[in-house]
Amino acid sequence: MSAAQSNLSIQDEISAAILQILNQAQSQLNCEIPGELTLDRPKNREHGDYATSIALALAKPSGQPPRKIAEIIVAGLSRRADIAAVEIAGAGFVNITLATASQGGVISNILAAGKQFGHGNKLNGVAINLEFISANPTGPLHLGHTRWAAVGDALGRVLAAAGAKVVREFYVNDRGVQMDKFGASLQAVALAQARPEDGYHGAYIAELATEVIAKSPKIMELSGDEQLSAFRDLGYELQLAQQKEVLDKFGTHFDVWFSEKSLYENNFFTHCQEVLKSKGHVFEEAGAIWLRTTDFGDDKDRVMVKSDGSMAYFASDSAYYISKRERGFEICIYMLGADHHGYTGRLKALAACNGDDPEYNVHVLIGQMVKIMEGGEEVKLSKRAGTIITLEELVEKVGVDAARYTLIRYPVDTPMVMDVDILRSRTNENPVYYVQYAHARICAVLRNASDVGIKFGSEQIHPDLLVHERERELIGVLGEFPRVVAGAAELREPHRVARYVEELAGVYHRFYSDCRVLPLGDETPSELHSARATLCLATAQVISNGLELLGVSAPEKM
RNA sequence: GCGCCUGUAGCUCAGUCGGAUAGAGCAACCGCCUUCUAAGCGGUAGGCCGCAGGUUCGAUUCCUGCCAGGCGCACCA
């Protein structure tokens, strides 16, 4: 841990101090004091830099009037040199205004920690399996997958920033009925026959079949089932490679591509079945083998092995979960589309059948639908895939940064509409440019500062000079970043980082218009110029760190 | 029928492990480039936070019911 990380922020110090004061007043209060207290940043700036409503919350249990408790806090805090004012407001809010000089700590922490600023230890050492996309390797990735490609990747970064040991995993459904239909569709096209009714009908099938033949011309000499499985296997390889390539260009990388087929190798499935059986929730009925998930709230029991001896999909789900747990993952995060939300119950029940705590060990995120608009109309058709818009096409239309950013900035349970025209625009309407522009703008200012010989950096903080309202505001928002990252990780909501970075960009733009950074004309460079340039430097660092967590670039010029 | 998600400004959406006057962008109107990136900034206007109850000192946030929309309820994957 670096020195900067071990430094408590001023905010943490004050909340710890308040808790200490309350604990010391235990005899008067005679009630339980919470173990943790977070200071809020009040919406209204007249309410100071930080505020707490703890006095109101403790009024009831302690039987004391809230203002009296507030007075105890005020008395305890007023001696501190880093606080300029502590006031009681309203029914019993305690409003705290920092001493100007104490604001420097934030800036120096940012500069010292650099790219690590914002990283924390809330999830230190927790092994998390993050499974997302897991599209069938039978076609290109579409819009729904794209949402997960962006959000899942960002969530992985955010969790890692909170200290978790994250493994990103893509589950490849490389066996089963869908694969067979896929192979049959390829074969049919190659033989110029009609594709099976329930097969794959996208235009990409024809392209794939051509590629398969080009790669392995002898395939046409094979016959029947042999040819079918050759088409299936080669088509699968090519399609999976295509998915990997597209994701790579999108900036989403996986640590593990987990093969469903592998669950049935080396008797692993049999082993899983034994494990579940030993916990007492497996039973046989009507010739099939079931897991009694209704023991744990599922609406019906689930078949693992069908009466004809073949594997139901849930067999793989079960084995896969057990594999994750046996590989040492404490928390398994599943990111599913809204059309699969019915899985939640059985996945949680499965964990419970395995003796786990479904509330802790399993976390299911449900992503709502994504629509795409262009020219005021919903885009529905795709030349390549027949009926769906692919990840590739979206990126062609708007670019990686705009696509990723937009997909991440909404909570996943909000159905969202992407407007291509807005994503291509370069205005306030397009938040990704708004944020990137702030970063580029700072870089320009700092280039100019160097040209003019203004010094900036950790030796040039001069916090006591930063008294302008806009400077105060900016410093306050910068200090929130670690808390935002920790919250995003804990709640599995990376969009919080995007919203934060937008707020920060806004606060910076306002600072920029009101506070001249560089000397005007023949003005002599002063410490204030240095202090402001240093503040700019710290802001650029935080914007860049925030965008990094989203997998979006922070350009130095635009 | 049962279950999950959603309902906040004219539009697209934040906010909600209960807190002070509910936010942003767009659209409308009025301003700001003779010196740092105007892809920017300031201002005006715009709200029964779906409806009705309940818990609370305090509810857009928690609970219940209802209304509206989306999506699911296979020995399919």
Side-chain angles (χ1 to χ4, degrees), chain A residues 40 42-44 46-47 51-53 56-57 59-60 65-66 89-93 95 136 138 173 175-179 181 198 260 285-290 299-300 302-314 316-317 337-345 364 366-369 373 409-417 419 422 425-434 436-438 440-449 451-452 454 487 490-491 495-496 498-499 502-503 505-506 508-523 529 532-533 536 557-558:
Chain A
D40 305 313
K43 293 170 201 159
N44 187 334
E46 285 165 23
H47 296 150
T52 176
S53 60
L56 291 160
K60 185 100 179 205
F93 293 97
N95 294 336
N136 283 338
T138 55
N173 300 117
R175 63 169 286 282
V177 187
Q178 294 306 315
M179 285 305 296
K181 288 180 183 169
D198 57 353
E260 181 187 357
E285 193 179 291
I289 299 176
W290 303 65
D299 19 356
K300 54 195 72 167
R302 303 292 166 180
V303 170
M304 293 197 291
V305 184
K306 300 187 224 172
S307 49
D308 67 2
S310 66
M311 297 297 161
Y313 194 73
F314 190 67
S316 299
D317 284 341
D339 51 343
H340 287 83
H341 74 255
Y343 280 36
T344 309
V364 182
I366 302 296
Q368 296 295 321
M369 300 300 173
M373 306 283 288
R409 81 185 277 269
Y410 300 96
V412 293
D413 44 19
T414 306
M416 63 171 294
V417 179
D419 189 318
I422 288 177
S425 75
R426 304 179 158 195
T427 62
N428 268 359
E429 259 184 296
N430 194 352
V432 68
Y433 283 112
Y434 183 78
Q436 289 183 319
Y437 180 67
R441 196 179 220 188
I442 294 172
C443 291
V445 171
L446 293 178
R447 281 192 297 270
N448 297 340
D451 290 349
V452 195
I454 302 286
E490 224 168 2
L491 299 167
H495 77 275
R496 286 166 184 272
R499 298 289 171 165
E502 286 169 36
E503 188 197 351
Y508 178 78
H509 285 310
R510 287 189 281 281
F511 155 79
Y512 177 88
S513 3
D514 288 1
C515 299
R516 175 80 200 186
V517 178
L518 301 179
L520 277 166
D522 51 1
E523 199 183 340
H529 297 124
R532 285 182 170 167
C536 288
K557 283 183 184 171
M558 284 174 78

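On a predicted model such as this, the values are computed, not experimentally measured, just so you know.
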Participant: Under 4.0 angstrom, heavy atoms only, what part of the nucleic acid is A/V445 near: base, sugar-phosphate, or nothing?
Facilitator: base
Participant: Which nucleotide wins on minimum distance to the side chain of A/D413, given the candidates B/rU35, B/rC5, B/rU37?
Facilitator: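 Nearest to the side chain of A/D413 among the choices is B/rC5.
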Participant: If I pick the P atom on B/rG53 and the same atom on B/rC11, what distance separates them, to the nearest angstrom?
Facilitator: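 To the nearest whole Å, 26 Å.
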Participant: Check the chi torsion on B/rC33 and let me know: syn if it falls within 90° of 0, anti if not.
Facilitator: syn
Participant: Rounded to whole angstroms, how far apart are OH on A/Y437 and C1' on B/rC41?
Facilitator: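 Distance check: A/Y437 OH to B/rC41 C1' gives 10 Å.
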Participant: Quick one: pull up CD in A/E46 and CG in A/N95 and give me the separation to the nearest 0.5 Å.
Facilitator: 10.5 Å
Participant: Could you tell me whether the side chain of A/I366 reaches within less than 4.5 Å of the side chain of A/T344, counting heavy atoms only?
Facilitator: yes
Participant: May I ask you to check if A/R441 and A/Y508 form a cation-pi contact, with NZ or CZ under 6.0 angstrom from the six-membered ring centre and within 45° of the axis?
Facilitator: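 Checked: cation-pi criterion not met.
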Participant: Quick one: do A/L518 and A/I454 satisfy side chain to side chain contact (heavy atoms under 4.5 Å, CB included)? Show the steps, please.
Facilitator: CA-CA 8 Å; A/L518 301 179; A/I454 302 286; 4.3 Å; yes
Participant: Using whole Å, what does the distance between atom C1' of nucleotide B/rU37 and atom CD of A/Q436 come to?
Facilitator: 14 Å
Participant: Using atom CG of A/D299 as one end and atom C1' of B/rC4 as the other, report the distance to the nearest whole Å.
Facilitator: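 About 11 Å, once rounded to whole Å.
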Participant: What's the closest nucleotide to the side chain of A/D339 if the choices are B/rC13, B/rC71, B/rU37?
Facilitator: B/rC71
Participant: Between B/rC36, B/rU35, B/rC73, which nucleotide gets closest to the side-chain atoms of A/L518?
Facilitator: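 Nearest nucleotide to the side chain: B/rC36.
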Participant: Can you figure out which of B/rC41, B/rA38, B/rC75 approaches the side chain of A/S307 most closely?
Facilitator: B/rC75
Participant: A side-chain contact here means heavy atoms from C-beta on lying under 4.5 Å apart; do A/Y410 and A/M416 qualify?
Facilitator: yes
Participant: Could you tell me whether the side chain of A/F511 reaches within less than 4.5 Å of the side chain of A/V517, counting heavy atoms only?
Facilitator: yes
Participant: On a whole-Å scale, what distance lies between the P atoms belonging to B/rG54 and B/rA59?
Facilitator: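 Here B/rG54 and B/rA59 have their P atoms 12 Å from each other.
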Participant: Take atom C1' in B/rC29 and the same atom in B/rC67, then report the distance between them in whole Å.
Facilitator: 37 Å
Participant: Would you indicate whether the side-chain heavy atoms of A/T52 and A/D40 approach each other to under 4.5 Å?
Facilitator: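 No, every pair of side-chain atoms sits at 4.5 Å or beyond.
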Participant: Which value, in whole Å, describes the distance between the P atoms of nucleotides B/rC17 and B/rU12?
Facilitator: 25 Å
Participant: Between the side-chain atoms of A/H341 and the base atoms of B/rG3, is any donor-acceptor pair under 3.5 Å?
Facilitator: yes
Participant: Which is true for A/L520 with a 4.0 Å heavy-atom rule: it touches a base, it touches only sugar-phosphate, or it touches nothing?
Facilitator: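 If one applies the 4.0 Å heavy-atom cut-off, A/L520 turns out to touch a base.
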Participant: Could you work out the separation of B/rC26 and B/rG42 based on their P atoms and round it to a whole Å?
Facilitator: 11 Å
Participant: Can you tell me, in whole Å, how much space there is between the C1' of B/rU56 and that of B/rC5?
Facilitator: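 Each nucleotide's C1' atom is 28 Å from the other's.
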Participant: Using the C1' atoms only, state how far B/rC71 lies from B/rC75, rounded to an integer number of Å.
Facilitator: 25 Å
Participant: Taking only N and O in the side chain of A/K60, is any of them less than 4.0 Å away from OP1 or OP2 of B/rC57?
Facilitator: yes
Participant: What contact category does A/A286 fall into here, base, sugar-phosphate, or nothing, at under 4.0 angstrom with non-hydrogen atoms?
Facilitator: base
Participant: Report yes if at least one side-chain N or O of A/N448 is closer than 4.0 Å to OP1 or OP2 of B/rU37; otherwise report no.
Facilitator: yes
Participant: Could you pick out which residue, A/A440 or A/V417, lies toward the 5' side of RNA chain B when each is mapped onto its nearest nucleotide?
Facilitator: A/V417
Participant: Have a look at A/R516 and say if it touches a base, only the backbone sugar-phosphate, or nothing, with a 4.0 Å heavy-atom cut-off.
Facilitator: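 Base contact.
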Participant: To the nearest Å, give me how far apart CD1 (A/I422) and P (B/rA39) are.
Facilitator: 18 Å
Participant: Given B/rC32, is OP1 or OP2 found less than 4.0 Å from the side-chain N or O atoms of A/Y512?
Facilitator: no
Participant: Is any side-chain heavy atom of A/V445 closer than 4.5 Å to one of A/Y512?
Facilitator: yes
Participant: Distance only, no hydrogens: is a donor on one side chain within 3.5 Å (strictly under) of an acceptor on the other, for A/S316 and A/E260?
Facilitator: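 The criterion, which ignores hydrogens and geometry beyond distance, is satisfied for A/E260 and A/S316.
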Participant: According to a 3.5 Å limit on both distances, what stems of 3 or more consecutive Watson-Crick or G-U pairs are formed with RNA chain B?
Facilitator: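 As far as RNA chain B goes, consecutive pairing (with distances under 3.5 Å) yields the stems B:1-7 with B:67-73, B:10-13 with B:23-26, B:28-32 with B:40-44, B:50-54 with B:62-66.
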Participant: Using the C1' atom as the reference point in each nucleotide, state the distance between B/rG58 and B/rU21 in Å, no decimals.
Facilitator: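 Taking atom C1' in both B/rG58 and B/rU21, they lie 15 Å apart.
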Participant: To the nearest angstrom, how far is A/M558 atom CE from B/rU37 atom P?
Facilitator: 14 Å
Participant: Please encode protein proximity along nucleotides 14-26 of chain B as a string of B, S and -, counting only heavy-atom distances under 4.0 Å.
Facilitator: SSS--BBB---SS
Participant: Please report, rounded to the nearest Å, how far the C1' atom of B/rC76 is from the CG atom of A/D317.
Facilitator: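 The answer, rounded to whole Å, is 12 Å.
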Participant: So A/C536 and A/R532, do their side chains get closer than 4.5 Å, heavy atoms only?
Facilitator: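 Answer no - side chains too far apart.
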Participant: Have a look at A/A312 and say if it touches a base, only the backbone sugar-phosphate, or nothing, with a 4.0 Å heavy-atom cut-off.
Facilitator: sugar-phosphate
Participant: Report the distance from atom CE of A/M416 to atom C1' of B/rC71, rounded to the nearest whole Å.
Facilitator: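 Distance check: A/M416 CE to B/rC71 C1' gives 18 Å.
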Participant: Heavy atoms from C-beta onward define the side chain here; which of B/rC5, B/rC73, B/rC71 lies closest to that of A/A338?
Facilitator: B/rC71
Participant: Do A/H529 and A/E523 touch side chain to side chain, with heavy atoms closer than 4.5 Å?
Facilitator: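 Yes, close enough: below the 4.5 Å cut-off.
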Participant: Closest nucleotide of RNA chain B for A/Q368 versus for A/G287: which of these residues is on the 5' side?
Facilitator: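 Counting from the 5' end, the first nearest nucleotide belongs to A/Q368.
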Participant: Is the closest side-chain heavy-atom distance between A/D198 and A/K181 below 4.5 Å?
Facilitator: yes
